[in-house]
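Keep in mind it's a predicted model, so treat the numbers as computed, not measured.
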Amino acid sequence: MLRLPACLPLILMATLPATGLAGDLDGHAAHQHGVAQLTLVLEKNTVQIGLESPADNIVGFEHAPAKPGEKAAVAAALSTLRRPTLFGLNAEAACGKARTQAGNPFDASGNAAHRDFDVNHVFECSQPTRLNRLDASPLFKAFPRLQSLKVDYALPGGQGSVTLTAASPNAMLVR
Ligand SMILES: [Zn+2]
């Protein structure tokens, strides 16, 4: 779990608008607070999961972190986002975590009004033809500000899109 100082979320909720929208300036999916995008691609034995989320969903703010509590929140979020158990794949596919990567959106220069976390998780699966489910419940539990997750997946022989929520966090990967 991401632990924030008890006072921080209340202060941020009081000072930030409930939702924010930004245009699609950089070719990425539209930036909408409360919503994140996940792409899952299976090729041979390798599953690549890419997550792109507005920073607001993850740490509750998008301004450059200035206070010690804000910097600690970003560090804790990065640690959580790199956790091997952030996403679950059905056990029959026998997938193990190969590597994870999560960049700090606040490292970028400039003074962007909106910032996104970009996270990549790679799994190697010994039974990839049996991959049929993605479980995003650890992501929703870790980041309660995240309301919906749009999943686009591509497997050999099948592809599709599904929107997940905390109440419905499993994507069936149909082929
Ligand atoms: Zn934003």
Quick one: which of Val119, Asn104, Val59, Ile58 gives a side chain to side chain contact (heavy atoms under 4.5 Å, CB included) with Leu78? Asn104

Do Thr80 and Phe143 have side-chain heavy atoms sitting under 4.5 Å apart? yes

d(His114 NE2, Glu62 CD) to nearest 0.5 Å is 6.0 Å

Atom pair OG (Ser148) and CD (Gln32), whose distance is rounded to the nearest 0.5 Å: 7.0 Å

Short question: side chain of Arg145, backbone of Asp56 - any donor-acceptor pair under 3.5 Å? yes

Audit row: Ile49, Leu38, side-chain contact (heavy atoms from CB on, under 4.5 Å) steps and yes/no: CA-CA 7 Å; Ile49 295 176; Leu38 184 147; 3.7 Å; yes

Atom CZ of Arg99 with >12 non-hydrogen neighbours under 6.0 angstrom: no

Using modelled atom types and a 3.5 Å cut-off, is there a donor and acceptor pairing between side-chain atoms of Asn57 and backbone atoms of Val35? yes

How many angstroms lie between atom CG of Leu146 and atom CZ of Phe140, to the nearest 0.5 angstrom? 4.5 Å

Using side-chain contact (heavy atoms from CB on, under 4.5 Å) as the criterion, list what pairs up with Ala94, not counting sequence neighbours. Ser126, Gln127

Do Leu81 and Val122 share a hydrophobic cluster, counting only Ile, Leu, Val, Met, Phe, Trp and Tyr and linking them when any side-chain heavy atoms are less than 4.5 Å apart? no

Which atoms form the tightest heavy-atom contact between Pro65 and Lys71, and what is the distance? O-CE, 3.5 Å

Is there a side-chain contact (heavy atoms from CB on, under 4.5 Å) between Val151 and Leu164? Walk through the geometry before answering. CA-CA 7 Å; Val151 174; Leu164 305 181; 3.8 Å; yes

Could you check if a side-chain atom of Thr46 sits within less than 4.5 angstrom of a side-chain atom of Gln48, using non-hydrogen atoms only? yes

Drop me the distance from Leu42's CG to Leu131's CG, to the nearest 0.5 angstrom. 6.0 Å

Hey, can you tell me if His121 and Phe123 have their rings parallel, tilted or perpendicular (30° and 60° cut-offs)? tilted

Note, Leu89 side chain near Leu40 side chain (heavy atom, < 4.5 Å): yes

Nearest heavy-atom contact between Ala93 and Cys125 is O-CB, 3.5 Å

CG/Leu139 to CG/Leu51 distance, rounded to the nearest 0.5 angstrom? 6.0 Å

Residues in side chain to side chain donor-acceptor pair (under 3.5 Å) contact with Asn45, at least two apart in sequence or another chain: none

Heavy-atom distance under 4.5 Å between the side chains of Leu134 and Asn170, does that happen here? no

Under 3.5 Å, is there a donor-acceptor pair between the Asp152 and Thr39 side chains? no

Whether the side chain of Tyr153 engages the backbone of Val174 through a donor-acceptor N/O pair (distance < 3.5 Å, no angle test) should be reported. yes

Nearest 0.5 Å please: distance from the CG atom of Asp116 over to the CD atom of Glu52. 4.5 Å

Keeping Glu124 on the side-chain end and Ala98 on the backbone end, is there a donor-acceptor pair under 3.5 Å? no

For the backbone of Pro84 and the side chain of Lys97, can you confirm whether one donor and one acceptor N or O come within less than 3.5 Å of each other? yes

Decide whether Met172 and Val41 are clustered together by the hydrophobic rule: side chain heavy atoms of Ile, Leu, Val, Met, Phe, Trp, Tyr closer than 4.5 Å, transitively. no

Is the count of non-hydrogen atoms from other residues, nucleotides or ligands lying under 6.0 Å from Glu92 atom CD greater than 12? yes

Does the side-chain contact (heavy atoms from CB on, under 4.5 Å) test come out yes or no for Asp135 and Phe87, once each step is laid out? CA-CA 6 Å; Asp135 176 10; Phe87 302 107; over 6 Å; no

Using every non-hydrogen atom in the two residues, find where Gly103 and Phe117 come nearest and quote the distance to one decimal. O-CD2, 3.8 Å

Testing the 3.5 Å rule here: is there a donor-acceptor pair between the side chains of Glu70 and His63? yes

